[in-house]
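Quick notes on the structure that follows.
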Amino acid sequence: MALPIAERWFETRRIDDDITLLWEPHVVPLMRCNIWHVRGRDRDLLVDTGMGVASLREAAKHLLEKRVTAVATHTHMDHVGGHHEFDDCLVHEIEAENLRQPRGMGRLVTSDWDPADVIALEGVGYAVPPELVTALPHAGYRLDDYRLRPAHPTVLVKEGDVVDIGNRHFEVLHLPGYSPGSIGLWEEATGTLFSGDALYDGPLQDELPTSNIGDYLVTMARLREMPVSVVHAGHDPSFGRERLVELCDAYTRRREARAA
Ligand SMILES: [Zn+2]
């Protein structure tokens, strides 16, 4: 069946004066990541960049008034597909090589994926559809031609580093478990946490080839104690401190029950 042509690829919603959410409505829910634009005095951040099916730089040009750093909360295809469009790319040092040379998944047709990835996702309750998009970005687009494109990491970070955009400062939290180089960006002054896929309000995946359950339990214990006012995650709606505690506790209970 032929897919329809999308009228536009990205949707945009302003969250507050400085933060805008972008997303790709024609990407299947499993792979539809939250792209966060954060406006700073000296530079902007784009926290993750989506699949790279269409140009994020073009779609977000009304927001991009100054230099922008494309942050990779981790290097899965649904989060770093647009990084190649940006000169400044920030990633945890452990996953820098994945940004340079993408591995795993990386295709829009899931029969081209590593079966281990499909099994891991189905195991936590996701349906993995044959194709990851429900529309085409333009006429003549061929799903088979999609590749996750390499990007050039220019800023390698680790736990405790500070991302300074002039008027706002984000501390890098190393949050391994989901993937070894998962990071969060934490702004203490406002209680804002960009959590990537370390924590979102949906089925968490910890059996991917890149996951580590022991690390994930440590990350959850750490996140549970954070005095957040809002968590802007890699998927699904944002949430506050009460929901953060529920999500961390639910994960920990589920894993400890299985280990017992
Ligand atoms: Zn994700």
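In listed order, ligands and their atoms are each counted from 1.
- Between His235 and His79, the ring center distance clears the sub-6.0 Å criterion.
- Think of Val157 as one node in a network of Ile, Leu, Val, Met, Phe, Trp and Tyr side chains linked at under 4.5 Å; its network also takes in Ile15, Ile19, Leu21, Trp23, Trp36, Val38, Leu45, Val47, Val71, Leu90, Val155, Val163, Ile165, Phe170, Val172, Ile183, Leu185, Phe194.
- Sequence neighbours left out, the pairs with a member in residues 202-214 that pass salt bridge (charged side-chain N to carboxylate O under 4.0 Å, His left out) are Asp206-Arg255, Glu207-Arg255, Glu207-Arg258.
- Applying the salt bridge (charged side-chain N to carboxylate O under 4.0 Å, His left out) test to residues at least two apart or on different chains, the pairs with a partner in residues 173-191 are Arg168-Glu187.
- Around the Zn ion (ligand 1), the protein atoms of type N, O or S found under 2.8 Å away are Asp78 OD2, His79 NE2, Asp197 OD2, His235 NE2, listed by chain and number.
- Side-chain atoms of Thr69 and Asp88 include no donor-acceptor pair closer than 3.5 Å.
- In this structure, Tyr200 and Tyr178 have perpendicular ring planes: the angle between them is above 60°, well past the 30° mark.
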